[in-house]
Number of protein chains: 2
Amino acid sequence: MTERPDTDVLFKALADPSRRKLMDVLHANDGRTLNELCEHLDMSRQGVTQHLNVLEAANLVAIVWRGREKLHFLNPVPLQEIYERWIAKFERSRVKALHGLKQRLEAGETIDTPKRRKS
Amino acid sequence: MTERPDTDVLFKALADPSRRKLMDVLHANDGRTLNELCEHLDMSRQGVTQHLNVLEAANLVAIVWRGREKLHFLNPVPLQEIYERWIAKFERSRVKALHGLKQRLEAGETIDTPKRRKS
DNA sequence: TCTTCAGGCAAGTCATTACTTGCATATTGG
DNA sequence: CCAATATGCAAGTAATGACTTGCCTGAAGA
């Protein structure tokens with residue numbers, strides 16, 4: 001049960017606030033050009049381009065050329081993979097997890113600790 | 001509609017394959033000690049500790065001390081935030097997005113392009 | 001046609017991150 | 001009480017990532 005190769009690309013694409021912002025902007029109004037997107041980010045055009053390349057590599061954004069301008073469209077499909085692989089899977093185990101906690105704690109004696117600080 | 005501050009910490013925590021692996025291991029069997037977790041990762045104990053600290057900061061893993069050993073438990077709650085803030089939100093707009101694509105393309109004339117290569 | 005506009009490519013810088021090694025501390029079991 | 005075990009803390013390194021600047025190319029419109 002090893003990880004699909006594009007999973008890493010996907011998560012890394014979502015890991016940057018500027019890229020999430022770009023997705024938000026596209027979500028509000030899909031099909032924008034590069035220059036339009038630049039107006040929402042406080043960085044150089046090339047910076048935005050690089051972020052968009054990452055999103056495109058993760059298949060979260062699709063590109064269509066219209067003449068000299070580049071239109072960007074959201075593709076939410078990969079997000080579905082995250083849902084299935086992560087959210088659903090872990091949500092199902094929520095009750096189980098808390099149950100396991102109790103079991104383990106009751107097995108060992110000590111619970112609270114003296115000298116150890118960190119949580 | 002700006003991003004909650006812990007959102008970034010959460011996404012960054014999920015962005016590393018070793019950390020996702022740790023979550024998988026905990027999902028398979030919750031409540032493991034640090035040493036047990038180390039057996040599944042090909043790196044030094046301190047490396048694993050640092051990854052676990054990131055997961056703990058993101059509130060994805062909870063720690064309980066039992067004597068000298070540190071038990072780790074999954075907390076799937078933050079994943080739910082991702083679902084609501086990201087998956088559900090963008091999934092709802094899937095049809096809308098593709099519709100917008102058609103509209104934009106029909107508005108402009110050119111669709112296919114000559115000299116431009118990329119995508 | 002020729003200037004303006006939209007965007008690409010390359011290389012360099014700076015910060016962050018992943019990981020290591022070495023040593024210190026607390027707990028447990030004999 | 002003491003050796004072995006479980007983990008923490010600090011500092012260093014090497015790689016990755018985010019962003020910039022400068023220059024180049026192709027399409028549009030007066």
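All chains are named by letter (A, B, ...) in the order of the sequence lines, taking the proteins before the strands, and each is independently numbered beginning at 1.
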Expressed in angstrom and rounded to an integer, what is the separation of [X] atom [atom1] from [N] atom [atom2]?
X	N	atom1	atom2	result
E69(A)	dT4(C)	CD	C1'	14 Å
K70(B)	dT28(C)	NZ	P	16 Å
R66(B)	dG29(C)	CZ	P	11 Å
K21(B)	dA18(C)	NZ	P	17 Å
E36(A)	dC5(C)	CD	C1'	14 Å
E56(A)	dG7(C)	CD	P	13 Å
N53(B)	dC19(C)	CG	C1'	14 Å
R32(A)	dA6(C)	CZ	C1'	17 Å

Quiz prompt | Straight-line distance of E3(A) CD to F11(A) CZ, nearest 0.5 Å | solution = 7.5 Å
Quiz item: How long is the gap from CG on L79(A) to CD on E84(A), to the nearest 0.5 Å?
Solution: 11.5 Å
Quiz item: Below 4.0 angstrom, N of the basic side chain to O of the carboxylate: do D24(A) and R85(B) qualify?
Solution: yes
Please write out each protein N/O paired with an N/O of nucleotides 2-5 of chain D under 3.5 Å, distance rounded to 0.1 Å.
residue : atom : partner : partner atom : Å
dT5(D)  : O2   : R68(B)  : NH1          : 2.8

Exercise. Would you please name every residue forming a side chain to side chain donor-acceptor pair (under 3.5 Å) with E81(A), sequence neighbours left out?
Key: T7(A)
Exercise. Kindly write out the residues that satisfy side chain to side chain donor-acceptor pair (under 3.5 Å) with H72(B), not counting sequence neighbours, or none if the list is empty.
Key: none
Exercise. List in chain and number order the residues that pass salt bridge (Lys or Arg N to Asp or Glu O under 4.0 Å) with K70(A), two or more places apart in sequence or in another chain; answer none if no residue qualifies.
Key: none
Practice problem: Quick one: list whatever passes salt bridge (Lys or Arg N to Asp or Glu O under 4.0 Å) with D8(A), sequence neighbours left out. | Solution: K12(A), R20(B)
Quiz prompt | Residues forming a side-chain contact (heavy atoms from CB on, under 4.5 Å) with T49(A), sequence neighbours excluded | solution = L34(A), R45(A), Q46(A), N53(A)
Quiz item: With a 4.5 Å heavy-atom cut-off, do D6(B) and N59(B) have their side chains touching?
Solution: no
Quiz prompt | Sub-4.5 Å side-chain heavy-atom contact between I82(A) and L14(A) | solution = yes
Self-check item: side-chain contact (heavy atoms from CB on, under 4.5 Å) between L71(B) and R32(B), worked out
Solution: CA-CA 5 Å; L71(B) 306 182; R32(B) 300 194 192 232; over 6 Å; no
Quiz prompt | Net bend of the helix from dT1(C)-dA30(D) to dG30(C)-dC1(D), end axes of five pairs each, nearest 10 degrees | solution = 30°
Between the protein and nucleotides 18-22 of chain D, which nitrogen or oxygen pairs come in under 3.5 angstrom?
residue : atom : partner : partner atom : Å
dA18(D) : OP1  : R19(A)  : NH2          : 3.1
dC19(D) : OP2  : H51(A)  : NE2          : 2.3
dC19(D) : N4   : Q50(A)  : OE1          : 3.3
dT20(D) : OP2  : S44(A)  : N            : 2.7
dT20(D) : OP2  : S44(A)  : OG           : 2.7
dT20(D) : O4   : Q50(A)  : NE2          : 3.0

